[in-house]
Structures are given as structure tokens and as C-alpha cells.
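We name chains A, B, ... by the order of the sequence lines, and we start the count at 1 in each one. Since the model is a prediction, treat every value here as computed from it, not as a measurement.
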Amino acid sequence: MTRTLFSIDPSWSWAPRLLGLCAALLLALQASAAWAARLQLAVERNEVSLGDTVALQVQLVDGRSRGVPEVKVGEGLSARFRGQSQETVMVNFETTRILNFTYALSAVAVGSWEVGPVEVEVNGQLVRAEAITIKVVERAAGAGAAASVRAALSDPRPFVGEVLTYGLTFEHRGTAYNPRWTPPELPGFAQVSQTEPDQSDSTTRRDGVELTVAEVRLPMVALSPGARDIEPAVLTADMPAPPDRRTGRRAVDMFGRERTRPETFSTQKLHVEVRPLPEPRPDDFSGLVGSFELEVSALPTSLPLGGTLTQEVRLRGRGSLSGFKLPSAATTDRFRVYDDAPTVVTGWRDGLMISEALFRRALVPELEGTLVVPPTRLVVFDPEQEQYVTLTAPGGELRVTPGEAGGAVQRFAAAPAAGGGVVESLGDDILPAPTQVAVSDQSLRGALPLALGAPALPLLGLLGLGLRRRLAGWTPRAAAAAPGLDALPPPGPARLLALEGLLRARCAARLGCAPPAVDRAAVAGLDPETLQLYVDLEAARYGGQHDPALEARLIAHLRAPAGGAA
Amino acid sequence: MRTDAAHRLRAVGGALALLWALGGPSDAQASPQERFAAGHAAALTGDAAGAAAHFVAAAEAGGRDPAVYHALGNALYRAKQPGRAAAAWRRGLRLAPRDADLGANLERVRAASADKLDPPSGPSGAIFWAGLLSVRELALAGGLGLSAALGLLLWAQLRRRPAGLAPVGLGLVGAVLLGSAFVIDDQQDTVFVVVPEVVARSALGPDGVELFSLHEAAELAVVERSGDSVLVRLPDARKGWLPASAVLSTAPSAPFPLAEAPAGPQPASSGL
């Protein structure tokens, strides 16, 4: 067997060697990628003023990393991950890929503090960036006075369960656009559900200088006792760019709009000490923590037996009422109580979060005479007074008059039984389950056979119809080309007549005349096949012979696109 | 020939009848209806745990019916297992969202729970009809809409008439209803705590920090399941991992494991 230079062995014995070569090449590339990957730390400035926030970037060059690198910083600094980006740089036909992890680095204490070292695992190997030192200095007098951002807690020593407000105030001398904030991490606190942070932006003048003020208030609930620090919050605003150095005019873009540049500010770190609720707690403590007021709607003076009295209990104040329910009212033999689901509304007033809950309680008297509705009592813990307080709303008395049925409670029967009296409640229990029911699978799984089977029947019908028509040679295009072909009469003279009509219509359309004007001379101007069909059709019709071959030719001709032969 | 076939058929029928008469329907072959009746019979004798086992067997034999879950919840409530009872009632409510009795029973247990938690929110607000119809009704209505749309198309094809826009509208409505049944069934993934107290941790494994404790009959939204643990979310957005054995799903098609030993003495039954 002779082999030429470019011949390929047909036995494929070269394939494993080629695969091995490829695998080795891939491994080498991967190893070189890990070897070539490098990590570096970059910071805007190595010396920052207290309270400033600068961008810190961890750059991974020519490498891939899973997850976000952990950046350790000294006690006087705070780093928060802000996002990541990727860029590809090509120099001299060599491509370099840079993965940027950006952090907001805030200065919270004066001193020299280290950032890093940072280590990242790339393809199983650790890549390291050495630590850098950041110097935090006191803010110079007068410097930075153009903008300030500060955070404060409404109560630095809250109790467990108390709602406190994390407030951030940003002031800037001059114009600042689109201030936006990143809330700090709040370990040991939870945001109040169904309550949005209160945010406001305004412009004012102080000492004749325009001042942009942005305020954010975030309500949160202290969850567990203990001392903890709240890391700085970060606020970013778009500031006007400095004036043009050459002309001294304000910087504008090509559309004449003022140029801006984003600047980031950070608040100071806050310390909070959450205190436990004092012990011992009252037995009937409702679990509410806050300063609340309790109101109850006035009672009517009388009510007919069988009627229902709706008592509205309104609870409002500073604290969270989410999920709170009134303690169950004592039910006596004189009346029964049914509580409705409460309506809770939360809002802001004078910088304070105010909650209001409306409870509707239905009272149904069961005996005639004087009904004494007991006062509503609620034991809450008031953080301002630092003690448990009992909120009381007065009850009242009302006269229960005989109802329409003469005093009997009309609940289960249309008319009172002879000698019957009021149905007295002896106890309260869960509602019974039905016993005489036909049990079946009512789940989604149980409904699927019917839900999917019902559409399947007409779908099968449609598919069958389509298949049948396809086998019979019917297509939508052919049906459109020769309407009426699908409704031909049975074979015989009537069928031939119908086919003649269709052929005449087809010829008339091609000739541009009316069907009755079509004759042999006119058809002769068309193609020979059409003329032959016309002649054969006339012969068959007037000869009175049934010719299935002619019918098939006619149908094939008519199903062909108009303007040509079949 | 024909006589032979008829003779053979009669012989097979007779043998089957004899087998049925000798053995009768075994317990493994009992229908959901029979198990449901057996559960009620057990409840009448005060055997709440036995009744619960019958009701669970009825559900797992294909009787996932609101009445079965109602009776199961009642039996478990009698057996002093409020968490499991609440889970059974919630399953019943998911099958029959307009059943006021199931809602009242569930509310009773929730009110007595040590944890005052709002029930997890239902499906997304776009499906505003979620609480009006059960998933079965939605699926059947969707199937009916689709079959009506396809039926109209078939009729139009047979009659060779234009179908118009009616099949499109009906088909869209049917598809939306059928799709919403699947979405609702998938999104209502909640669990009830079925042990007296359980601590939620921040992570799986020994490194997890204890975050908060929950008590029996607390209802929680499920974020994720991983092996023997469930990541749950509180209404205030706090999350924590719980052991899967401490919670019970409210999905009607999920298994309903009963407690190995009855908790506490069983009171005299007052019926279901």
C-alpha cells in the first residue's frame, strides 16, 4: 500500500493521537492561563479624609474567578462590594482580559490602615495581591464643607421589638442631582414589613447659599438584645463637573446640558445597644412594643335580639402592628364575639413612623336585658416610659330588646319551635368535617387527565381531518385555486356540468371575459392542453358517456395554479 | 367455535368472581372512599391517631379531596398535633379555597400559635383570580376553553367556513387559565412547623448560626429545599434553614408523614 504525503489513514488509527495532542494543548493553555493570571489592588487615593469614600478595585488580569474576592480592611476602614465589570484590552494583537471587582472604601477612623492582602483561586491555584496602606487624616477645616452626609438613629438604646429609624441626611452647597443611597447591613434588625423607606429631596437656601438636602429614613425593628455596630451607609450623587479651565464657563455636553460626575459619600459608623424587655413580663402582655393609643367606637343604647353590633377598635401609635391581633374577647352566656381581620396602615408623620390598625369586632347578644360590654384592655411595653402600660378603652351598657321573633335567636331555624328558647352555647370547638361526600382526587394532578383530554379530542379530529385531506391531495393552495372542487356532485352528468362550469370560470379569468363568453375559439387562444380538455369535455357532455379519466384530468388541471397547464 | 369462546369467557369470569368472593378487597386495594369511611369509623371510637392514618391512606390512594384533608386535620387536632392539623387544613383550603369551615379551623390554630406571623403571601398579584377558584377548577376551565376553541376550529374546517376570532379568544383564555393553575400550584409552596420548637440556622452544616426559633403551627414560605433541610422565609424577609423533618408541606400532592408516636393522651372524641 503506497502512502502519499497528504494521505489519511482510513483505519482512523491517527485519531487517538490527535485527541491526545489536543488535550495536552488544552491543559497547557489552562496551566499557562493560571500561571499568567495576576491580581492587583487599585485605589483612587492613598490618603483620604475622615468620612470620605473612594473606589477600591480588585483587578484580576487574565484569569477567571468564582464568587467575589474577600477584601480584609483595617478597623478604620469599611469596604462594601458594589459590583463587577469586565474589560478586554488589545495591545499589539495581544488580548488582555481584566475582571474588575469594585468596592466602596469608606474612611471611618483616623490612622494608617491596611487593605488586603487579597487572594483569589484561579484554576486551583491561589493568586495574591499584596496589601496596600491607606492613610486616613482628619478633615481639614473648611474642606469638604460643601457636602456632608451623616447618619443617626432615632434611639441609640432601643428595646427588643421597638421600631427605630435609621436616618441619613445629605447636604450639599449648590446643586446635586439624583442622590441615591445604599443602606447599610443591619445585623440584628429587620425592616418593618409593608413599609417603604421615607425619602425626600429638596432645595433650600441657607445664609444666601443654595443647599440641596436629601433625607432618607428607614424603619427597622430590633430583634435581639446586645451591642452591635452598624456599618456606614453610602450615598452617591451626581455633582456638577468643574468649570472649563480654559474658558472658566460651566462644563456642558454637546446638547448644552450641564456635565456631572458621580461622587460617593459615606456616613459614620453607628453604635447601638439593644436592651431586652424588662422582666418579669405581665401575664397578659400583648407582645406590642411602642407608644400606642387605643380607641373604641361608641356603643348604641339598644339593640334588638338577633341583631349584630360592630364595635370598632382603633390602635395607633409609634410601633409595628404588622401581624398583631387583638386578644380574644371573653365570651359569656349573654353575648358572643367574632373578630374580623384587622386593617393595618403604616405611614410617616413628622419624621416618625406611625402605624394604625382597625379591628372590627362583632358582638351578638344572646339574651334580652341589659348587656354589659367589658372594657378593652391591652398591655404593651412603652419604650419612652420604659415600662409596661395598660391601654384601656371603656366598655359600656346597652339594652337588648326583643327581636322580631319575640326574643329567640334566629340563626338555625326559620321559625322558633313551639316552646323553644334561646340556643345557648356550651363550648367552642373546631368545625366538623363532612362525612357523606364522594371522595375523589381534587388536586391539579387529578384534574389533568380531563383538562388535557378534553382539548385532545377536537385536536385529534383536526389532525385526522388534515391527514385525510392530505391523502386525498387537498391542499389549502389548491382549494384556493379552484374553489368548488371539494363540493363536487357524485360522478355523472351533474359532476361533468359542475366541472365544465369551473373550467369556464378558469378560462374566463385568464381571458378577461365573462364565463358565458368562453367558446372553443376563445379557448384556442390559450394553451393546447386547455383546448384539448375543453373539446373532450364537450364531447363527453353531449355524448353522454361517463369518463373517469377525463374527470381526473379536469380536476388535476383545475387544481394546478391558474395561468398554466396542469 | 363461537360456543367455545363463550364457554371460555364464562369460565374466566367465574374464576374471577370466585377469587373476589374468597379474598374480598384487601386493605391494600381499598378505595379512597372506603378508607375515608374507615377513618370516620375510627374517629367515632375515639381513635384519633388511627383515624388520621386512614385519612392519610385515603389521600395517598387518590382521594386528595378537601373533605379528606378536613377530616385529617380534625383527627390530628384531636391527637394534639396542631402543626400537622394546620397543614392538613391548609391542603384542604388549597383544594377548596372558598371552604369557610376549613378557613375557620385553620385560623383557630393560627391564633393559638406561639408565633404571630402573617400567612405567606399567595401567588403574584397578576393572577387576581387565585383565591376565587381552586387549581382543579382553573385547570378544568382552561381545558374547557381550549377544547371549545379547537372544537370551533374543527367545526369551521368541516363546514369550510372561516372560524373568525372566537377560537383565538377562547384558546387564549383557556391557555391562561390552565397556565395559571400550574403557576398557582407551584408558587404556593409553604410549610407548617410540626414540632414544638425548632431553631432556624443561617447555613447548612455546623457553621450555621442560630437565627430565630419557631414554634408549632407557624406557617412559612419555602425558598429552597436542599437534602434534609428547607430554607424558609418569614414575612419580614428573614430567612433560615430548618430540618425538613420539623416541617410539613402544604402541597396537596406531597406525602403526609404522620408522627411516629402520638403526642400526649388522646381525649375522648366529640366527633369530627
Kindly give the heavy-atom pair with the smallest separation between [X] and [Y], and that separation in Å.
X: A:Pro432; Y: B:His70; result: O-CE1, 3.3 Å
X: B:Arg136; Y: A:Asp441; result: NH1-O, 3.1 Å
X: B:Pro32; Y: A:Val439; result: CB-CG1, 4.1 Å
X: B:Ala67; Y: A:Ala433; result: O-CB, 4.5 Å
X: B:Leu178; Y: A:Ala451; result: CD1-CB, 4.2 Å

**OP:** For chain A, find which of B:Gly145, B:Ala58, B:Gly63 contributes the most heavy-atom pairs closer than 4.5 angstrom.
**Re:** B:Gly63
Original post:
Do you know which of B:Asp101, B:Leu144, B:Val135 has the most heavy-atom pairs with chain A at a distance under 4.5 angstrom?
Top reply: B:Asp101
Subject >> Residue pair A:Leu431, B:Trp89: steps toward the side chain to side chain contact (heavy atoms under 4.5 Å, CB included) verdict >> reply: CA-CA 11 Å; A:Leu431 296 172; B:Trp89 287 327; over 6 Å; no
Using non-hydrogen atoms and a 4.5 Å limit, figure out which bit of [X] sits close to chain A: side chain, backbone, both or neither.
X: B:Phe182; answer: both
X: B:Asp185; answer: side chain
X: B:Glu107; answer: side chain
X: B:Ala237; answer: neither
X: B:Leu117; answer: neither
X: B:Trp155; answer: neither
X: B:Leu211; answer: neither

**OP:** Output all residues satisfying salt bridge (charged side-chain N to carboxylate O under 4.0 Å, His left out) with A:Arg445, sequence neighbours left out; order by chain, then residue number.
**Re:** none
Specify which of [options] makes the most heavy-atom pairs with chain B at under 4.5 Å.
options: A:Ala190, A:Gly287, A:Pro458; result: A:Pro458
options: A:Gly446, A:Ser440, A:Gly188, A:Gly453; result: A:Ser440
options: A:Ile430, A:Val437, A:Leu448; result: A:Ile430

Subject >> Straight-line distance of A:Leu450 CG to B:Leu140 CG, nearest 0.5 Å >> reply: 5.5 Å
**OP:** Calculate, to the nearest 0.5 Å, the distance between atoms CD and CD belonging to A:Gln442 and B:Glu137 respectively.
**Re:** 8.5 Å
Measure [X] against the heavy atoms of chain B and call it side chain, backbone, both or neither at under 4.5 Å.
X: A:Leu462; answer: both
X: A:Ala438; answer: both
X: A:Leu444; answer: both
X: A:Ala454; answer: both

**OP:** Not counting sequence neighbours, which residues clear ring-ring contact (aromatic ring centres under 6.0 Å, His included) with A:Phe381? List them please.
**Re:** A:Phe159, A:Tyr388
Original post:
Does atom CZ of A:Arg377 have more than 12 heavy-atom neighbours, drawn from other residues, nucleotides or ligands, at distances under 6.0 Å?
Top reply: no
**OP:** Taking the side chain as every heavy atom from C-beta outward, state whether A:Leu465 and B:Leu158 have any atom pair closer than 4.5 Å.
**Re:** yes
